[in-house]
Asks: 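Structure provided below as structure tokens; questions to follow.
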Amino acid sequence: MIKQVSQIAIPVKKMERAVQFYKEHLELKLLFETNQMAFFDCNGLRLLLSLPEKETFAHASSVLYFEVSHIEKSYERLMKNGVIFISKPHLVAKTDDVETWMAFFEDSEQNTHAIMSEVLTK
């Protein structure tokens, strides 16, 4: 049986540029790297940056939603780190006691990702 997602691969065009973005701009911990791959820790989930082996793998990745505690503070900090956002933090869903906020950005390889925060309202 499947227990959890342990690793997500993100295709990149230029490894050095991508490693710099995830390490310096998003402040993720670089575990190790090779000429073709770099592995980052995201609170127990490994992000694998890889140069595609075949053209069929050279496409934009799925959207990754990085959970943050305080979306406004994280948004400001990431902007100061050079992250270019496509949208400001905004409310995307609301239930009786939780608001879900998101802000979308592009990484150095034109993959779209987001920061998100769920805020208890009661």
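Computed from a predicted structure; not experimentally measured.
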Asks: Under the 3.5 angstrom rule, does the side chain of Asp97 hit a backbone N or O of Lys122 as a donor-acceptor pair?
Replies: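 Pair absent, no side-chain N/O of Asp97 close to backbone of Lys122.
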Asks: Where do Ser61 and Ala9 come nearest, in terms of heavy atoms and distance?
Replies: CB-O, 4.5 Å
Asks: Decide whether Phe105 and Met116 are clustered together by the hydrophobic rule: side chain heavy atoms of Ile, Leu, Val, Met, Phe, Trp, Tyr closer than 4.5 Å, transitively.
Replies: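 No, no single cluster joins them.
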Asks: Side chains of Glu118 and Glu67: does their closest heavy-atom pair fall under 4.5 Å?
Replies: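 No. Closest side-chain heavy atoms not under 4.5 Å.
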Asks: Just do the side-chain contact (heavy atoms from CB on, under 4.5 Å) check on Leu26 and Val83 with the steps written out, would you?
Replies: CA-CA 8 Å; Leu26 296 186; Val83 175; 4.0 Å; yes
Asks: Tell me the closest heavy-atom pair linking Pro11 and Asn111, and the distance in Å.
Replies: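 Minimum heavy-atom separation between Pro11 and Asn111: O-ND2, 3.5 Å.
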Asks: When the side chains of residues 84-94 are checked against the rest of the protein, which donor-acceptor pairs come out under 3.5 Å, sequence neighbours left out?
Replies:
{"residue": "Ser87", "atom": "OG", "partner": "Phe104", "partner atom": "N", "Å": "3.0"}
{"residue": "His90", "atom": "ND1", "partner": "Lys88", "partner atom": "O", "Å": "2.8"}
{"residue": "His90", "atom": "ND1", "partner": "Met102", "partner atom": "O", "Å": "3.0"}

Asks: Would you kindly confirm whether Phe21 and Met15 end up in one hydrophobic cluster when ILVMFWY residues are joined by side chain heavy atoms under 4.5 Å apart?
Replies: yes
Asks: Output all residues satisfying side-chain contact (heavy atoms from CB on, under 4.5 Å) with Glu53, sequence neighbours left out; order by chain, then residue number.
Replies: none
Asks: Membership question, hydrophobic clusters at under 4.5 Å side-chain separation (ILVMFWY): are Ile71 and Tyr65 in the same one?
Replies: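 No: no chain of side-chain contacts under 4.5 Å links Tyr65 to Ile71.
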Asks: How many angstroms lie between atom OG of Ser74 and atom CZ of Phe66, to the nearest 0.5 angstrom?
Replies: 12.0 Å
Asks: Could you work out, with side-chain hydrogen bond (donor to acceptor under 3.5 Å, both in side chains) as the rule, every residue matching Glu99, not counting sequence neighbours?
Replies: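 Scan of Glu99 (side-chain hydrogen bond (donor to acceptor under 3.5 Å, both in side chains), adjacent residues dropped) gives Trp101.
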Asks: Which atom pair, heavy atoms only, marks the closest approach of Glu109 to Arg17?
Replies: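 Minimum heavy-atom separation between Glu109 and Arg17: OE2-NE, 2.8 Å.
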Asks: Of all heavy-atom pairs between Val68 and Ser117, which one has the smallest distance, and what is that distance?
Replies: O-OG, 3.3 Å
Asks: side-chain hydrogen bond (donor to acceptor under 3.5 Å, both in side chains) with Gln20: which residues, sequence neighbours excluded?
Replies: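 Gln20 satisfies side-chain hydrogen bond (donor to acceptor under 3.5 Å, both in side chains) with Glu24 only.
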Asks: Measure the CG-NZ distance between Leu30 and Lys23 for me, rounded to the nearest 0.5 Å.
Replies: 5.5 Å
Asks: Consider only side-chain heavy atoms of I, L, V, M, F, W and Y, link residues closer than 4.5 Å, and tell whether Met37 and Val5 are in one cluster.
Replies: no
Asks: Which heavy-atom pair separates Leu64 from His113 by the least distance, and what is that distance?
Replies: N-ND1, 3.1 Å
Asks: Measuring from atom CG of Asn81 to atom CD of Glu76, what distance do you get when rounded to the nearest 0.5 angstrom?
Replies: 11.5 Å
Asks: For residues 40-51, run the donor-acceptor check on the side chains, cut-off 3.5 Å, and write out each pair with its distance to 0.1 Å, sequence neighbours left out.
Replies:
{"residue": "Asp41", "atom": "OD1", "partner": "Gly44", "partner atom": "N", "Å": "2.9"}
{"residue": "Arg46", "atom": "NE", "partner": "Gln7", "partner atom": "OE1", "Å": "2.8"}
{"residue": "Arg46", "atom": "NH2", "partner": "Gln7", "partner atom": "OE1", "Å": "3.0"}

Asks: Just jot down the salt bridge (charged side-chain N to carboxylate O under 4.0 Å, His left out) partners of Glu27, sequence neighbours excluded, or say none.
Replies: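 Applying salt bridge (charged side-chain N to carboxylate O under 4.0 Å, His left out) to Glu27 gives Arg77.
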Asks: Kindly work out whether a path of hydrophobic side-chain contacts (I/L/V/M/F/W/Y, heavy atoms less than 4.5 Å apart) joins Val19 to Ile10.
Replies: yes
